[in-house]
Amino acid sequence: IEMEEYAEANDYIEQVYGKITSVSRVMKTANPAVNALLQVKVAACEKAGVQVDVTITSKWETLESTLPDWEMCKVLSNLIDNAVDAMESVPDNKKQLSITLGENVKQYTFRVENTGEMIPENIREHLFIPGFTTKGDGHGMGLHIVRRTLKERGGDIEVHSDDSRTVFSGFVPKTAIPLES
């Protein structure tokens, strides 16, 4: 910049920014199945014109001792697919999906947020009921299965929705809860 080589400085900044962005996308959990799911879903979202932000603040190192990989993948996959469906009528430049995986002392946490239309309160009350759907025949079990899967392991999920965002957030305890037979 001091040498007034602005084009070169701009190119350098863009390269560094690109590397920083790719490094942050590489941040992964210690769970290969979850990592693979996120990679596939992010690629599919971007192809569909959905801007995706993945934030991983935890490795989820002992998640498998509480909830098997495939069950957590089922939970996240359903939430991500529903979020993308919810943005179907949103203009491409406003389609934003945010996925956050974290933890605290007692539990693993996740959050899937989208910029789709607000879910009315009277519908939110029924979202986790088996068979309830706004999509038509052949749907209506996904969110019920998500909640049941989490509750069986001592976790849960909730939904918040307003004019700008809909957020599904949940948790699974770090201490395994035995399944009832």
Side-chain angles (χ1 to χ4, degrees), residues 29 33-34 37-38 40-58 60 63 66-177 179-180:
T29 70
V34 171
L37 172 80
L38 291 175
V40 167
K41 292 296 184 182
V42 166
C45 287
E46 289 176 347
K47 188 175 181 181
V50 176
Q51 179 186 354
V52 183
D53 177 43
V54 178
T55 304
I56 299 173
T57 61
S58 164
W60 281 14
L63 175 68
T66 303
L67 185 67
D69 298 353
W70 67 273
E71 286 189 340
M72 181 48 85
C73 286
K74 180 173 58 175
V75 167
L76 292 173
S77 181
N78 186 285
L79 295 175
I80 293 167
D81 290 348
N82 285 351
V84 172
D85 288 348
M87 293 184 286
E88 194 172 294
S89 63
V90 174
D92 280 353
N93 65 340
K94 302 227 187 252
K95 292 181 180 182
Q96 297 176 341
L97 174 66
S98 175
I99 304 164
T100 305
L101 308 180
E103 72 178 277
N104 58 39
V105 174
K106 294 183 177 184
Q107 57 201 12
Y108 293 104
T109 60
F110 60 88
R111 177 182 171 101
V112 177
E113 181 176 337
N114 73 74
T115 55
E117 294 180 18
M118 181 176 81
I119 302 171
E121 182 66 39
N122 64 327
I123 291 178
R124 272 183 269 161
E125 295 171 1
H126 303 287
L127 285 177
F128 300 102
I129 296 173
F132 179 81
T133 184
T134 59
K135 296 181 184 179
D137 291 340
H139 296 277
M141 293 304 292
L143 289 174
H144 167 71
I145 292 168
V146 164
R147 177 168 265 172
R148 187 185 71 211
T149 299
L150 295 169
K151 282 191 169 268
E152 285 174 350
R153 305 297 178 143
D156 203 359
I157 187 169
E158 58 185 29
V159 60
H160 297 282
S161 188
D162 61 31
D163 291 341
S164 62
R165 312 204 159 272
T166 294
V167 180
F168 284 85
S169 56
F171 70 93
V172 177
K174 288 183 176 179
T175 306
I177 294 186
L179 289 174
E180 295 179 20

Check: To the nearest 0.5 Å, how far apart are CD in Glu71 and CG in Leu63?
Finding: 10.0 Å

Checklist line | Nearest-0.5 Å distance, CD of residue Gln51 to CE of residue Met87 | finding: 10.0 Å

Margin query: If I compare all heavy atoms of Phe128 with all of Val159, which pair ends up nearest, and what's the gap?
Written below: CE1-CG1, 4.3 Å

Margin query: Contact between Leu143 and Phe168 at the side-chain level, heavy atoms closer than 4.5 Å - yes or no?
Written below: yes

Notebook entry, point to check: Between Ser77 and Leu37, does a side chain to side chain contact (heavy atoms under 4.5 Å, CB included) hold up when you go through it step by step?
Noted result: CA-CA 7 Å; Ser77 181; Leu37 172 80; 3.9 Å; yes

Check: Quick check: are there more than 12 heavy atoms from other residues, nucleotides or ligands sitting under 6.0 Å from CD of Glu125?
Finding: yes

Check: About how many Å separate CG of Asp162 and CD1 of Ile119, when rounded to the nearest 0.5 Å?
Finding: 10.5 Å

Next item on the list: Starting at CG of Leu150, measure out to OG1 of Thr66 and round the result to the nearest 0.5 Å.
Entry: 11.5 Å

Checklist line | Chi angles and distances behind the side chain to side chain contact (heavy atoms under 4.5 Å, CB included) call for Lys74, Val146 | finding: CA-CA 7 Å; Lys74 180 173 58 175; Val146 164; 5.9 Å; no

Next item on the list: Apply side chain to side chain contact (heavy atoms under 4.5 Å, CB included) to Leu97 and Asp53, showing your working.
Entry: CA-CA 6 Å; Leu97 174 66; Asp53 177 43; over 6 Å; no

Check: Arg153 side chain to Leu67 main-chain N or O, any donor-acceptor pair under 3.5 Å?
Finding: no

Checklist line | Pair Leu38-Lys41, side chain to side chain contact (heavy atoms under 4.5 Å, CB included): steps then yes or no | finding: CA-CA 5 Å; Leu38 291 175; Lys41 292 296 184 182; 5.7 Å; no

Tabulate below the donor-acceptor pairs under 3.5 Å that side-chain atoms of residues 100-115 make, not counting sequence neighbours, or state none.
from   : atom 1 : to     : atom 2 : distance (Å)
Glu103 : OE1    : Lys174 : NZ     : 2.2
Glu103 : OE2    : Ser58  : OG     : 2.2
Asn104 : OD1    : Lys106 : N      : 2.9
Asn104 : OD1    : Gln107 : N      : 2.9
Tyr108 : OH     : Thr62  : N      : 3.1
Tyr108 : OH     : Thr62  : OG1    : 2.4
Thr109 : OG1    : Gly102 : O      : 3.3
Arg111 : NE     : Glu113 : OE1    : 3.2
Arg111 : NH2    : Glu113 : OE1    : 3.0
Glu113 : OE2    : Arg165 : NE     : 3.1
Glu113 : OE2    : Arg165 : NH1    : 3.3
Asn114 : OD1    : Gly116 : N      : 2.7
Thr115 : OG1    : Lys94  : O      : 2.5
Thr115 : OG1    : Gln96  : N      : 3.0

Check: Within a strict 4.5 Å, meaning less than it, do heavy atoms of the Arg148 and Ile145 side chains meet?
Finding: yes

Check: Quick one: CD1 on Ile99 to SG on Cys45, what's the gap to the nearest 0.5 Å?
Finding: 6.5 Å

Next item on the list: Measure the spacing between CZ of Arg147 and OG1 of Thr149 and express it to the nearest 0.5 Å.
Entry: 12.0 Å

Checklist line | Closest contact, heavy atoms only, Thr166 versus Glu117 | finding: OG1-O, 3.7 Å

Next item on the list: For His126 and Asn122, work out which heavy atoms get closest and say how close.
Entry: CD2-O, 2.7 Å

Item checked: Set of residues satisfying salt bridge (Lys or Arg N to Asp or Glu O under 4.0 Å) with respect to Glu88, sequence neighbours excluded -> none

